[in-house]
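These notes concern the structure reproduced below.
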Amino acid sequence: MGTDGFWDDAERHLVRYGGAFAPVVVERAAGSFVYDSAGRAILDFTSGQMSAVLGHSHPDVVATVRESIGTLDHLFSGMLSRPVVDLARELAASLPDPLERSLLLTTGAESNEAALKMAKLATGGWEIVSFAQSWHGMTGGAASATYSAGRRGYGPPIPGNLAIPAPYPYRSVFGDDWRTELDVAWDLVDRQSAGALAACLVEPILSSGGVLELPPGYLAALRAKCDERGMLLILDEAQTGIARTGTMYAFERDGVVPDILTLSKTLGAGLPLAAVVTSADIEQRCHERGFLFFTTHVSDPLPAAVGLTVLDVVRREGLVSRAAELGGRLRTGLTELASRHDCIGEVRGRGLLQGIELVTDRTTKDPADDLGRAVTTECLDLGLHMNVVQLPGMGGVFRIAPPLTVSDAEVGLGLEILDQALTKAVAP
Ligand SMILES: Cc1ncc(COP(=O)(O)O)c(C=O)c1O
């Protein structure tokens, strides 16, 4: 199958909503691969948009969608169905106390929007603290708490949003001393606050921000900063939730339980499903104060049924330990590549969410933006899709997040292609 007038039509009729489109026409996707119009297999190391944790078209998900679309698809938003209540119960069972009440939505931005509204209602405050390298979504509240991109040209963001630096020892002037960095950051928050701090919204590993992992102890220290100020801690586990980092939820490593947890991308494994999970106490307070989040697809049965299937597959296929084990293998492979390729400044991440930061020089750490683009192109030519994020002051950072169902051989293939692409891009 050729590409016919595809690109002409795309150029003529599509709104461009981000960077350039990948120069492939994808005809189908299965397992860890997508296939282009020439029938070429491309290893999908971004799991679609960081979501397809079970690979593409997992047979159990296909069966669930087939069944659900034929029997129970979409309902009036005030009607409940079994998949919704079952998924809320299963989420509660997978989480520590007191996280037991869920609101089932569609996208990550929407889940953060709802979480922020709940935090404002529950605390009576309206100021929101998040990381300067954050990505929480494109809708008003979520975008106002997003600092890694997309702030210019849209008029005033929602007032009361404050940024603190995410820990980034590789480039921070504070180096490894994240405790001092955190104290300085919160001193600035306190000076800027109008006395209405409501919540701190953060990712346990900032993915779009360049795969920045919170060091052990950081989340507990952040929790303490919130508690001291009567703020809620909202964790956005859009990318880290549902086994990807080698624990069911990334926060488990830290022994810190958030007041509100948002899940999205990985929960639907590629289908549009999101959840906000909180305590009975916070839910009760919000309800009493008139919490409203009545959307077209809230509590829809089809995506909820998919979420149940995702949780079931993760359990049955032992994907939590698989992510830890394969993540270790991937990390070893990337570290080995770093030993041979000087352009790799740092390897970081956890489980099957890894990042490599490219630099032109390891001593000066100068960002290697052009090289990032060249490696992306070489990888795609060789049959590997990876995503490079380029943020101000940072080298190109590759985000590597294969499906949790990826095989050992596929991880090996990805590393081999990356090795070749790095070699070719450095010395074309
Ligand atoms: C951590 C995080 N939160 C929220 C979002 C927004 O999710 P969505 O694009 O589904 O609205 C993203 C998307 O990349 C994300 O990475």
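Numbering of ligands and ligand atoms starts at 1, following listing order. Quick note: numbers below take in every heavy atom, side chains included, and nothing from hydrogens, waters or symmetry partners. All residue numbers refer to positions in the sequence shown, counting from 1.
Sorted by first then second residue, the ring pair (Phe, Tyr, Trp, His ring centres under 6.0 Å) pairs that include residues 49-72, not counting sequence neighbours, number zero.
Residues of the protein with a heavy atom under 4.0 Å from ligand 1 are Thr107, Gly108, Ala109, Asn112, Trp135, His136, Gly137, Glu203, Asp236, Ala238, Gln239, Lys265, listed by chain and number.
Between the side chains of Ser193 and Asp190, no donor-acceptor pair is found at a separation under 3.5 Å.
Across all their heavy atoms, Pro167 and Trp178 have their closest contact at CB-CB, 4.3 Å.
Residues satisfying the side chain to side chain donor-acceptor pair (under 3.5 Å) criterion with Gln284, sequence neighbours excluded, are Glu288. Remark: Leu273 engages Leu87, Leu267, Pro303 in a side-chain contact (heavy atoms from CB on, under 4.5 Å) (not counting sequence neighbours).
For the pair Ile42/Leu384, no side-chain contact is recorded, criterion being any heavy-atom separation below 4.5 Å from C-beta on.
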